[in-house]
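Single-structure report; data block below.
Starting from 1, each residue takes its place in the sequence as its number.
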Amino acid sequence: QVQLVESGGTVVQAGGSLNLSCAVSGRAFNTYSMGWFRQAPGKEREFVAAISWVGGITNYADSVKGRFTISRDVAQNTVNLQMNSLRPDDTAVYYCAARAGWITATRPAMYNDWGQGTQVTVSS
């Protein structure tokens with residue numbers, strides 16, 4: 001099992017930037033793939049970005065391509081989501097997730113472990 005703790009969520013103005021961080025611990029997480037998802041009120045949880053821990057292969061939702069960047073810091077055991085050019089429709093609770101294996105996935109059901117989430121609010 002992998003333990004995940006997100007941080008960095010806050011209120012930011014439209015057009016601004018924010019960096020989310022996910023602290024990762026537990027056994028063998030260096031064989032995992034990591035993802036960021038988000039869930040807005042009344043909506044389903046949706047894929048944002050993912051990265052393989054080994055090799056750093058990335059995958060992004062079309063809605064965030066060119067604005068968000070996912071990365072991992074092997075030394076610090078963190079996965080980060082740099083968010084630029086934020087829009088009001090980016091407002092959501094953002095979750096960090098982990099799945100065993102080196103291949104990234106976009107469906108929430110493919111992930112085994114989840115953090116508690118961090119709120120991001122983008123004001124217009």
Side-chain angles (χ1 to χ4, degrees):
Q1 189 176 2
V2 175
Q3 291 76 46
L4 307 169
V5 179
E6 303 97 333
S7 62
T10 189
V11 179
V12 62
Q13 286 192 331
S17 297
L18 198 60
N19 186 71
L20 303 183
S21 185
C22 175
V24 185
S25 61
R27 57 189 294 254
F29 64 82
N30 58 350
T31 62
Y32 278 52
S33 293
M34 308 298 298
W36 282 98
F37 290 78
R38 65 188 182 187
Q39 188 165 18
K43 294 188 176 181
E44 293 186 353
R45 191 166 297 189
E46 66 172 2
F47 170 74
V48 175
I51 188 168
S52 60
W53 196 267
V54 177
I57 299 170
T58 59
N59 189 13
Y60 295 93
D62 288 343
S63 60
V64 306
K65 277 181 183 176
R67 300 189 299 124
F68 291 10
T69 302
I70 188 172
S71 62
R72 85 263 190 261
D73 187 326
V74 177
Q76 297 293 325
N77 293 342
T78 60
V79 178
N80 302 301
L81 185 68
Q82 176 65 40
M83 305 186 293
N84 299 327
S85 302
L86 283 162
R87 310 184 304 218
D89 61 358
D90 293 317
T91 295
V93 177
Y94 282 72
Y95 296 90
C96 179
R99 67 183 299 268
W102 296 351
I103 300 175
T104 60
T106 61
R107 291 192 295 141
M110 299 297 289
Y111 288 78
N112 308 104
D113 300 289
W114 292 83
Q116 81 289 351
T118 186
Q119 176 70 48
V120 172
T121 302
V122 183
S123 62
S124 56

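A side-chain donor-acceptor contact under 3.5 Å links N84 and Q82. Looking at T78 and D73, their side chains never bring a donor and an acceptor atom within 3.5 Å of each other.
One N or O on the side chain of S33 and one on the backbone of G101 form a donor-acceptor pair closer than 3.5 Å. Counting only distance, with no hydrogens or angles, the side chain of S52 and the backbone of I57 share a donor-acceptor pair below 3.5 Å. With hydrogens and angles disregarded, no donor-acceptor distance shorter than 3.5 Å links the side chain of Y111 to the backbone of A100. Using a distance-only test at 3.5 Å, with no hydrogens or angles considered, no donor-acceptor pair links the side chain of Q119 to the main chain of G9.
For the atom pair CG (N59) and OG1 (T104), the distance works out to 4.5 Å, reported to the nearest 0.5 Å. Interatomic distance, D90 CG to T121 OG1, rounded to the nearest 0.5 Å: 11.0 Å. From N19, atom CG reaches atom OG of S71 across 7.0 Å, with rounding to the nearest 0.5 Å. Note: S123 OG to Q13 CD = 5.0 Å, rounded to the nearest 0.5 Å.
Counting heavy-atom neighbours within 6.0 Å of R107 CZ, excluding the residue itself, gives a total of 12 or less. No more than 12 heavy-atom neighbours from other residues, nucleotides or ligands sit within 6.0 angstrom of CD on E44.
Taking hydrophobic clusters as Ile, Leu, Val, Met, Phe, Trp and Tyr residues chained together by side-chain heavy-atom distances below 4.5 Å, I51 does not share a cluster with W114. Residue V24 is grouped with residue Y94 when hydrophobic side chains (ILVMFWY) are merged at heavy-atom distances under 4.5 angstrom, including chains of intermediate members. Linking ILVMFWY side-chain heavy atoms closer than 4.5 Å, directly or via other members, places V93 and V120 in two distinct hydrophobic clusters. Under a hydrophobic-cluster definition in which Ile, Leu, Val, Met, Phe, Trp and Tyr are linked whenever side-chain heavy atoms come within less than 4.5 Å, directly or via other members, M110 and V48 are assigned to different clusters.
Closest approach of V74 and N77 over heavy atoms only: O-OD1, 3.0 Å. Here the closest non-hydrogen pair linking Q116 and Y95 is O-CE2, 3.6 Å. Nearest heavy atoms, S63 versus R38: OG-NH2, 3.6 Å. The two atoms that bring Q3 and G26 nearest to each other are OE1-CA, 3.5 Å, heavy atoms only. Residues T91 and P88 approach most closely at OG1-O, 2.9 Å, considering heavy atoms. A pairwise comparison of heavy atoms in W102 and T31 identifies CD1-O, 3.1 Å as the closest pair.
Taking 4.5 Å as the limit, every side-chain heavy atom of N80 sits out of range of all side-chain heavy atoms of L20. Between F37 and C96 the shortest side-chain heavy-atom distance does not fall below 4.5 Å. W36 places none of its side-chain heavy atoms less than 4.5 Å from the side chain of M83.
Between Y60 and F47, the distance separating the two ring centers is not shorter than 6.0 angstrom.
By the 4.0 Å N-to-carboxylate-O rule, R99 lies too far from D113 to be salt-bridged with it.
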